[in-house]
Structures are given as structure tokens and as C-alpha cells.
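Quick note: numbers below take in every heavy atom, side chains included, and nothing from hydrogens, waters or symmetry partners.
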Amino acid sequence: MRRISTASFGVALLLLAAAGCSRARGPIRVGSKNFSEQVILGEIAAQALEAKGISVERRLNLGGTFVCHKALVAGELDLYPEYTGTAFTAILKETPVSDPAAVRRAVTDAYRKRWDLVWSPPLGFENDFALIVRGVDAQRWSLRKISDLVGHEGEIRPGFGYEFVERQDGLAGLSRAYGLKFQERPVEMDLGLLYEALQSRKVDLIAGNTTDGLIDAVGGVVLEDDRRYFPPYEAAFVVRGRLWRERKGVHQALEALGSSLDAAEMRRMNAAVDKDKRRPEDVAREFLAKKGLSRR
């Protein structure tokens, strides 16, 4: 009986080791949240890995921040694009601060200690929350900054994404910081419907992002965050620590993407998908070719 148990234990160890090796050598599971910029960044990562001969399994357009984070922690994803300010406030539940270096240090340390997750080098741009109104309304109500909304809450119909309504760095914190008291309950909708709702006058104010490609297309005006409420949202990839350490090609590919992308270029790529209806994989392929990072 002891010999059988020992042998069985040995077989189990071999099977576990084989499973670990298979995972270490298997396809890299690349995820993303469910809006265009995230899908584009997921495609950029996937194609950059493929250019190095690494097999990739795409799990793009998964859902919101919490869905992607839980999948990564559970080992169902290997990496996905994230923003430091989102990690700091939504995941770590910290009070927003405006220092980009401090936020990045905090999320890097916490993610490593809690979940053995690694942040790749920043991609080179920030995707900050932005309150956006129609240009004609900005003129009519003399709106240039967020604090200018005070006194007009009874006239403005706000519309926000579900996550913005729920998050600590979203509506509740913003309302406290600026003293905003909207009389109408915000219309909650998918992120992909915000600009259509603004353009069709179903709502007058939305919470988008500074890199959204549809801001100019709908004649939108971004209100200045004059009280610096929103934290910095530097874009990077969050990667499982073991993968980063053991798959040299993975961290080489992601390190090569560091500082490769500015906000203007991200906005152009978002517009190509959202306005011109191009496929995210084609937009990503062109970007990598321009940077000399595509498959040869």
C-alpha cells in the first residue's frame, strides 16, 4: 500500500509539473475590457507577441475592470491592458491622488505583493476620465471647466457608463469634490452608446475618456478638471508574474511597446474603429508596422 501511494504521489507530481510546463509554454491568453481602446490595445499586445513567434489566445471585449481583474487573478487570463488610476481607486480602493509616479509605485507594489502581478512599462499616454458636453451647450451655459456645471444641474441631463456610477473615483466622489447636485438621476448605459446619446440630445453631459475618438466627431467639448479630482490613468499591461519571469519573449515584446504611443495617436486609432468602422486588428497591425514591431 505504501509503495502504491508513493508511486501515485510521484505520478501526481509529474502531472502537476507537466501541467505547469504546458501553461508556461502554451498560448498566452490576452484579454481586454469591453470598449474600443481596450480591444485595440489587446490586439497590439497579441500581435506583438505573435511577431515573436508566441502563440496567443484572444479573450478580448470581456467586460469591465472587475471582470478582467478577477479573470487575471484567477489564472484565466495572462495579461490585459489597464490604467494606473483605475487600479489605484477601483481595485485597491485608495483615495484619488494626482501624482502619476506615486500612483504607479503604489499599484506596482500592491499588485506584486497581493497577486504576483507585474505592470509593464507605461505605453506612453494617459486615458483620463473626461466630462463632455456638446459644443453648443458649452457656449450656451458658458461651460469651460467642471466647476462651471454648478448652478446648471437642474438643466442638464447626465448620462454615464455603469462603472462610472459605481466606482469610488466616479460620480459620487466627483459630485462631492465639485459640489454637484444633479436633479435628474443619471441615465446609465453601455460605454458604446454614450456619444450617440449625446449627439441625439438624449443626454447633455457624459463621462467619456480623453482619448475617445468620437469627441471631435460629435462636436464635443471636454471640461477641464480644474480641481484635479481625477487621478492619472497611465496605460500599461498587467501580466501574471510567473509568466513575466519565465517567458522571456513575453516581457521583451511588452517592454518594446513602452513609450510607443501618445494620446493623439491613441485617439486617432479609436476614431478609426468608432467613427470609420475599421477592424481593431487592422488598426493594431498598421500601428505595429509603423513602429517596426510587426511580424516580418
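Tracing side-chain contacts under 4.5 Å through hydrophobic residues (I, L, V, M, F, W, Y), one never reaches Val250 starting from Leu117; they form parts of separate clusters. Follow the hydrophobic side-chain contacts under 4.5 Å out from Tyr233 and you reach Leu223 in the same cluster. Ile40 and Ile28 fall within the same hydrophobic cluster, where Ile, Leu, Val, Met, Phe, Trp and Tyr residues are linked whenever their side-chain heavy atoms come under 4.5 Å apart, directly or through other members.
Rounded to the nearest 0.5 Å, atoms OH (Tyr229) and OG (Ser147) are 15.5 Å apart. Taking CG of Leu72 as the reference point, atom CZ of Arg240 lies at 7.5 Å (rounded to 0.5 Å).
Paired with Phe129 under the rule side chain to side chain contact (heavy atoms under 4.5 Å, CB included), one option of Asn209, Asp225, Leu174, Thr210 passes, and it is Asn209. Of the candidates Leu60, Leu257, Asn127, Leu123, Leu123 is the only one forming a side chain to side chain contact (heavy atoms under 4.5 Å, CB included) with Leu41.
Every residue two or more places apart in sequence or in another chain that forms a side chain to side chain contact (heavy atoms under 4.5 Å, CB included) with Thr65 is listed here: Lys33, Glu82, Thr86, Ile91, Glu163, Arg167. With sequence neighbours left out, Phe88 forms a ring pair (Phe, Tyr, Trp, His ring centres under 6.0 Å) with no residue at all.
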Show me the donor-acceptor pairs, under 3.5 Å and distance only, between side chains in residues 196-203 and residues at least two apart or in other chains.
unit_1: Ser200; atom_1: OG; unit_2: Glu196; atom_2: O; d: 2.8
unit_1: Ser200; atom_1: OG; unit_2: Ala197; atom_2: O; d: 3.3

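Between Leu191 and Gly161, the closest heavy-atom pair is CD2-CA, 4.1 Å.
In this structure, the side chain of Ser32 engages the main chain of Asn61 through a donor-acceptor pair within 3.5 Å. A donor-acceptor contact shorter than 3.5 Å is absent between the side chain of Lys52 and the backbone of Ala253.
Residue Lys181 qualifies as open at atom NZ: its count of foreign heavy atoms under 6.0 Å is 12 or below.
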